[in-house]
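The block underneath contains the structure these notes are about, expressed in structure tokens.
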Amino acid sequence: MKFSKTYEPNQYEPDIYALWEKSGAFRPKDNPDADPYTIVMPPPNANGNLHIGHGLTIALQDILIRYHRLKGDNAWYIPGADHAGFETWVVYERRLESEGKTRFDYSRDDLYNQVWNFVHEQRGNMELQIRALGASCDWESLTFTLDPKVIDTVYGTFEKLWHDGLIYRGEKLVNFCTKHQTAFADIEVTHKDEKGKLWQIAYPLVKETHGVKELIVSTTRPETLLGDTAVAVNPKDDRYNDLIGQMVKLPLTDREIPIIGDEHADMEYGTGVVKITPAHDQNDYEVGQRHNLPMITVIGYDGKMNANAGANYEGLTTEQARRKCLEVLKNQGLLRGETEIEHSVGHCYKCDTVIEPLLKEQWFINVKPLAERAIKVLKEGKIKFHPASKKQVLINYLSQLKDWNISRQIPWGIPIPAFVNTEDPTDWIFDTRVDQPEIKVKGKTYRRDNDTFDTWFSSGQWPYITTSSREAHYPTSVMETGADLLFQWVGRMIMLGLYVTNDTPFKEVYMHGMVLDEKGQKMSKSKGNVINPIEVVSKYGSDALRLGLIASRSAGVNQAFSTSKVVASRNLCNKLWNIARLIQDLVDKGKESDEVVVDNLCEDWICREINKTSKELQKLLEHYRFAEAGDLIYDLIWNKYADWFIECEKLWKDTALLKSTFEQILIMMHPFAPFVTETIWQTLSWTEGMLINQSWPIPYKYDEAMANHFDELIAIITDIRSHYQALPGAQKYPVAFHDDPLMYKNQLLIQHLTKCPCVPQINLNEIKGLRLAVQGHNIYLQIPEDIHKKYKANLEDRILKLGREIETLEARLRSPNYVQKAPKELVEETRNTLAEKQDLLGKMKAEFSYI
RNA sequence: GGGCGGUUAGCUCAGUUGGCUAGAGCGCGUCUUUGACGUAGACGAGGUCAGAGGUUCGAAUCCUCUACCGCCCACCA
């Protein structure tokens, strides 16, 4: 294979990935002397396409995994696929709808099988996309969330919770979507602030007391009046507390309901009287529990008023019922006013239907003991968070967490392994024979619960399920996922992990923010601003996407996608490619020598820079500072290696060192740009094996003084170039020096890098021309006097600038506080710098006066 | 109502424990057809680090307040 002029990612990426995969490079090495390093991939939806967020998540995880693999750890990156219960079900139900069918046309088992086939038709796509992103994951360990081992573990956990009394079945108010016909956990409900109305309605007292004839309640939902079973006042409220125990006539009905005293009634709000509808409002439900109030359900699961609402209202939607109630109340003179308010309304996160709190029998987890344990562990600092602030946010959330409803009324998911006695609805048993609608136990018939688990109940167990075949890999090293999943997923993994394994599921958590569109807007299909990562890959390459995504991005912060960053990254890959092309060329033409000898300034210097970068890179990656790490390697490759070292080596042509340094650079760059680095490795004539399997570089030996000298040379050369650019005309003038060993030894190099005509050594009495403003050197551009005069303004600027710098330093040293209190080295350094600058200024001024 | 985060160059953003001349990419200006790369090279311009106060020898960085902008949680009838 040869190096083409530009790097064409598409030409190599699929083959390179196949090479890795076939060779088994993604499998953990299981080396007994090495440390395990484990990342579990948050499983993408099995039947979905990857979005740009997956691009980021895989980039971050794969950088860590490849880095640790190079460091010699037993790196294990475990891929997954999520059956995504509700998400997938919504997609499938839409498809049924388009065929004119509904879920009620089939049995649950039928539907399950249909969706199973649907998902398996789609599934390969997602996996191909993960490959295109370069994820070096162990495909043999791929776990699908409906694999038998997952279901077994989930059932085991359910059983354990059952036996420990942490699972209960109860009729409670649940968040119900009347379109999707299923309940949700609290966290799945999207709350939106909306404009609404607050109506005041009079409830007449049955018996006038102390001159009070009626109570006025305020409500945003007049239609629920039909289900009221009390009105509440605050027991401390002197206006009303002597009415407690009296009855009011419930308008629109012939019922009489009691006035009760309860703290829930806020004296400050409205009239201080609140209607209580235990069957349709969470607060009222709790009031109802405290006061043993009857619960009257007036809204059915279809979202329409039911028979309890009375013949006038039955069959109406809540919206229609609301209008009718208001109209009748108005006619009866009981509607006493309305005010505009803004209040928060729960919506289904998929279809936006208003979530109806409805009474339903469901399985709940008593989360309190689980949450308390998680809080304890978090407070002890057992799990490190990035960003750190997320830890407290999670603790706050867990502290107020309510019991978790894990039942879902959808057929796609893990069936709940519970059966009820057909003769006795309170007799539930645990049994895993969920493929049978009915079972017989001890002569009694039990019917299967047709509900499935909340997907997060199984995902919450992901770390110990996926690592079960290699126990040393649990707890996993780091959980890298989106910041939006802190409560939904991370919190639950911690709770369930502690409960089932007595250990935290991971040692650290890294959370990335959302990738927004270029304008900083959230991406969504409806806005049409979605960026497809695979399109970016095919246009710029997988590495460019990866580098572009991690650039300038810090933990937990939402940030816009930037095409210009992807382009810059693509250019970097091309740069690396061309460095390879040049080095290969030099190697081909050079003589055989494999001994690495560091004998030029630039060589000491590049060895030092590589060592420094390697050390710093390790530190940054261990602290999850991906963007800074990316910048650092960029700077090494482009600004140091290519711009200085390679330029110098065009003269020295030390092929052994070129080979060695370039290999080190490829290794360090590999986690960030796996494809181009491996492609280069496979293309170079002398490299063996695969880059992915190499070891992190060992530091070079070099001479620090030599490296420092090269820094001086850089300053000198830069100054010369700067003058060439600023001087009138395009003429390049000789660079003369006096009493300057560095210059003496590097004449050739200076000529090569500045294109100056010559580098003469001169005597003291020959000094003339323009002194370079480089401390500790006597270097002069030999420019004619007339040019020198024309250039006067520029020189004055330089002298003034130097003067300002000196003033700053002097002011600092004038302060006795600074001299006494600042660290000694710092003060010493300031003094030295000042002296050098003063010396230089003196010389420049003296020489300037000749003009 | 509670909590979290942001405000740094024209744009998008970095800036770890306070330290000397505040960085990057893109954009901008001038120059360069040097056989690795024009997806390039060289040089350069551009910042009162939102505002006010405080701590400190020293603050973009720590503390307090203010303004504006986001996000999350919460049962406000």
Side-chain angles (χ1 to χ4, degrees), chain A residues 3 5-7 186-187 191 198 217-221 232 264-266 268-277 281-287 341 343-344 357 387 389-390 392-393 396-397 400 402 483-484 486-487 513-514 518 520 540 544 548 551-554 556-565 567-586 619-620 623 625 627-628 630-631 634-635 642-643 646-647 650 717-718 721-726 730 752-755 801 804-805 808-809 812 815-823 826-827 829-830 833:
Chain A
F3 287 101
K5 195 172 172 185
T6 50
Y7 172 60
D186 295 341
I187 195 162
H191 291 275
L198 187 65
V217 303
S218 304
T219 181
T220 52
R221 300 201 61 189
H264 168 60
D266 181 351
E268 311 291 315
Y269 193 93
T271 56
V273 185
V274 57
K275 64 195 265 315
I276 303 296
T277 323
D281 180 279
Q282 187 59 42
N283 285 316
D284 294 4
Y285 175 82
E286 283 160 24
V287 175
I341 56 154
H343 63 146
S344 157
S389 59
K390 295 288 176 195
Q392 192 56 44
V393 176
N396 294 347
Y397 172 77
Q400 53 83 52
K402 290 186 181 158
D484 50 329
L486 179 64
F487 304 147
M514 232 180 289
E518 299 238 27
Y540 301 101
S552 288
R553 195 177 285 275
S554 46
V557 179
N558 293 351
Q559 222 195 289
F561 178 81
S562 163
T563 302
S564 73
K565 293 229 157 85
V567 171
S569 305
R570 187 267 321 255
N571 295 354
L572 175 64
C573 294
N574 189 56
K575 186 80 183 177
L576 198 62
W577 182 256
N578 274 287
I579 292 170
R581 196 151 87 107
L582 175 67
I583 292 177
Q584 183 65 62
D585 194 45
L586 292 172
K619 199 176 125 197
L620 289 171
H623 290 90
R625 301 190 152 267
E628 285 163 77
D631 278 352
Y634 182 102
D635 182 56
D643 289 350
I646 292 269
E647 287 306 322
K650 282 180 181 169
I717 289 162
T718 305
R721 287 167 171 172
S722 172
H723 282 296
Y724 280 164
Q725 177 79 13
H752 170 65
L753 293 176
T754 63
K755 307 285 171 230
K801 194 179 159 217
R804 281 196 299 273
E805 285 168 19
T808 313
L809 294 176
R812 191 171 299 150
S815 151
N817 279 329
Y818 176 72
V819 178
Q820 282 158 25
K821 294 186 182 173
L826 200 63
V827 177
E829 206 185 310
T830 311
T833 313

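In the text below, chain A, chain B and the rest are named by the order of the sequence lines, each starting its count at 1.
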Closest to the A/Ile646 side chain, choosing from B/A77, B/C73, B/A36: B/A36
How close or far is atom P of B/U21 from atom CD of A/Glu805, stated in whole angstroms? 8 Å
Would you tell me if any nitrogen or oxygen in the side chain of A/Lys402 comes within less than 4.0 Å of OP1 or OP2 on B/C75? yes
Shortest non-hydrogen contact between A/Gly270 and A/Ser218, atoms and distance: CA-OG, 4.2 Å
Write down the atom of A/Ala544, the atom of A/Ser569, and the distance for their closest heavy-atom approach. O-CB, 3.6 Å
Judged by atom type as modelled, is there a donor-acceptor pair below 3.5 Å linking the side chain of A/Gln400 to the main-chain atoms of A/Tyr397? yes
Let's see if you can work this out: which of B/A36, B/A14, B/A77 has an atom nearest to the side-chain heavy atoms of A/His264? B/A77
Protein and nucleotides 38-46 of chain B: nitrogen or oxygen contacts under 3.5 angstrom:
| unit_1 | atom_1 | unit_2 | atom_2 | d |
| --- | --- | --- | --- | --- |
| B/U39 | O4' | A/Asn571 | OD1 | 3.3 |
| B/U39 | O2' | A/Asn574 | ND2 | 3.2 |
| B/U39 | O2 | A/Arg570 | NE | 3.1 |
| B/U39 | O2 | A/Asn571 | OD1 | 3.2 |
| B/A40 | OP1 | A/Asn571 | ND2 | 3.1 |
| B/A40 | O3' | A/Lys575 | NZ | 3.2 |
| B/G41 | OP1 | A/Lys575 | NZ | 3.0 |
| B/G41 | OP1 | A/Trp638 | NE1 | 2.1 |
| B/A42 | OP1 | A/Asp643 | OD2 | 3.4 |
| B/A42 | O3' | A/Arg721 | NH1 | 3.4 |
| B/G44 | OP1 | A/Ser722 | OG | 3.4 |

Using the P atom on both, measure B/A40 against B/G54 and round to a whole Å. 49 Å
Taking only the P atom of each, what is the distance from B/C72 to B/C63 in whole angstrom? 25 Å
Strand partner of B/G10, provided both Watson-Crick or wobble distances fall under 3.5 Å: B/C26
Nearest atoms (heavy-atom pairs only) where A/Asn574 meets A/Lys5: OD1-O, 4.3 Å
Heavy-atom closest contact (A/Ala627 atom, A/Ser552 atom, distance): CB-N, 3.5 Å
Gap in Å between the two C1' atoms, one belonging to B/G6 and one to B/C43, rounded: 36 Å
Looking for any heavy atom pair under 4.0 Å, which part of the strands does A/Glu829 touch: base, sugar-phosphate only, or nothing? base
Does OP1 or OP2 of B/U21 have a side-chain N or O of A/Arg812 closer than 4.0 Å? yes
Rounded distance (Å) that lies between atom P of B/G1 and atom CG of A/Asn283: 18 Å
Base, sugar-phosphate or nothing for A/Tyr634? Non-hydrogen atoms, less than 4.0 Å. sugar-phosphate
Whether A/Tyr397 contacts B/C73 is assessed here as follows: a side-chain N or O lying under 4.0 Å from the phosphate OP1 or OP2. Is that the case? no
Respond yes when some side-chain nitrogen or oxygen of A/Lys390 is under 4.0 Å from OP1 or OP2 of B/C4, and no when none is. no
So what does A/Ala232 touch, heavy atoms closer than 4.0 Å: a base, only the sugar-phosphate, or nothing? nothing
Of B/C37, B/C20, B/A77, the nucleotide closest to the side chain of A/Thr830 is B/C20
Distance in angstrom units between A/His623 NE2 and B/U17 P, rounded: 10 Å
Closest to the A/Ala568 side chain: B/G25, B/A36, B/A14? B/G25
Measure from the side-chain heavy atoms of A/Asn396 and tell me the nearest of B/A77, B/G3, B/U12. B/G3
Under 4.0 angstrom, heavy atoms only, what part of the nucleic acid is A/Ser562 near: base, sugar-phosphate, or nothing? nothing
When the C1' atoms of B/C57 and B/U39 are compared, how many Å lie between them, rounded to an integer? 49 Å
Let's test this: given Watson-Crick or G-U wobble pairing with both distances under 3.5 Å, identify the partner of B/C65. B/G51
Could you work out which one of B/A36, B/A74, B/A77 sits closest to the side chain of A/Ile341? B/A77
Classify the nucleic acid contact of A/Gln282 as base, sugar-phosphate or nothing, counting any heavy atom under 4.0 Å across all strands shown. nothing
Could you give the distance separating B/A77 and B/G15 at their P atoms, to the nearest angstrom? 41 Å
Are any non-hydrogen side-chain atoms of A/Ile646 and A/Ile583 less than 4.5 angstrom apart? yes
To the nearest Å, how far apart are A/Asp635 CG and B/G25 P? 9 Å
Sticking with atom P, work out how far B/A42 lies from B/G35, rounded to a whole angstrom. 15 Å
Donor-acceptor check, side chain of A/Arg581 to backbone of A/Thr6, threshold 3.5 angstrom: yes or no? no
Using the C1' atom on both, measure B/A22 against B/G58 and round to a whole Å. 15 Å
Earlier contact from the 5' end, RNA chain B, for A/Glu268 and A/Leu620: A/Leu620
Interatomic distance, A/Met514 CE vs B/C71 P [rounded to whole Å]: 9 Å
Mind checking if A/Thr563 touches a base, just sugar-phosphate, or nothing, with heavy atoms under 4.0 Å? nothing
Choose from B/A74, B/A77, B/G19 the nucleotide whose nearest atom is closest to any side-chain atom of A/Ser218. B/A77
In whole angstroms, how far is the C1' atom of B/A74 from the NE2 atom of A/His191? 8 Å
Is there a donor-acceptor contact under 3.5 Å from the side chain of A/Glu518 to the main chain of A/Thr563? yes
Locate the shortest heavy-atom distance separating A/Lys275 from A/Arg221; write the atom from each residue and the value. NZ-O, 4.0 Å
Taking all heavy atoms of A/Tyr634 and all of A/Leu572, pick out the closest pair and write down the distance. CD1-CD2, 3.5 Å
In Watson-Crick or G-U wobble terms, both distances under 3.5 Å, what is the partner of B/C4? B/G70
When rounded to the nearest 0.5 Å, the distance separating NE2 of A/His343 from CG of A/Leu198 is 9.0 Å
Could you pick out which residue, A/Ser564 or A/Val274, lies toward the 5' side of RNA chain B when each is mapped onto its nearest nucleotide? A/Ser564
Sticking with atom C1', work out how far B/G70 lies from B/U61, rounded to a whole angstrom. 22 Å
Base, sugar-phosphate, or nothing: which does A/Gly272 touch, judged by heavy atoms less than 4.0 Å apart? base
Here the distance between atom P of B/C75 and atom CD1 of A/Ile276, to the nearest Å, is 16 Å
Does OP1 or OP2 of B/G15 have a side-chain N or O of A/Arg625 closer than 4.0 Å? yes
Applying the Watson-Crick and G-U wobble criteria at under 3.5 Å, what pairs with B/A40? Answer none if nothing qualifies. B/U32
Under 3.5 Å, side chain of A/Asp635 to main-chain N/O of A/Asp631, donor-acceptor pair present? no
So A/Tyr7 and A/Trp577, would you call those rings parallel, tilted or perpendicular, with 30° and 60° as cut-offs? tilted
Atom CG of A/Asn558 and atom P of B/C4 are separated, to the nearest Å, by 18 Å
Nucleotide N/O to protein N/O under 3.5 Å, stretch nucleotides 53-58 of chain B:
| unit_1 | atom_1 | unit_2 | atom_2 | d |
| --- | --- | --- | --- | --- |
| B/C57 | OP1 | A/Lys821 | NZ | 2.4 |
| B/C57 | O4' | A/Asn817 | O | 3.4 |

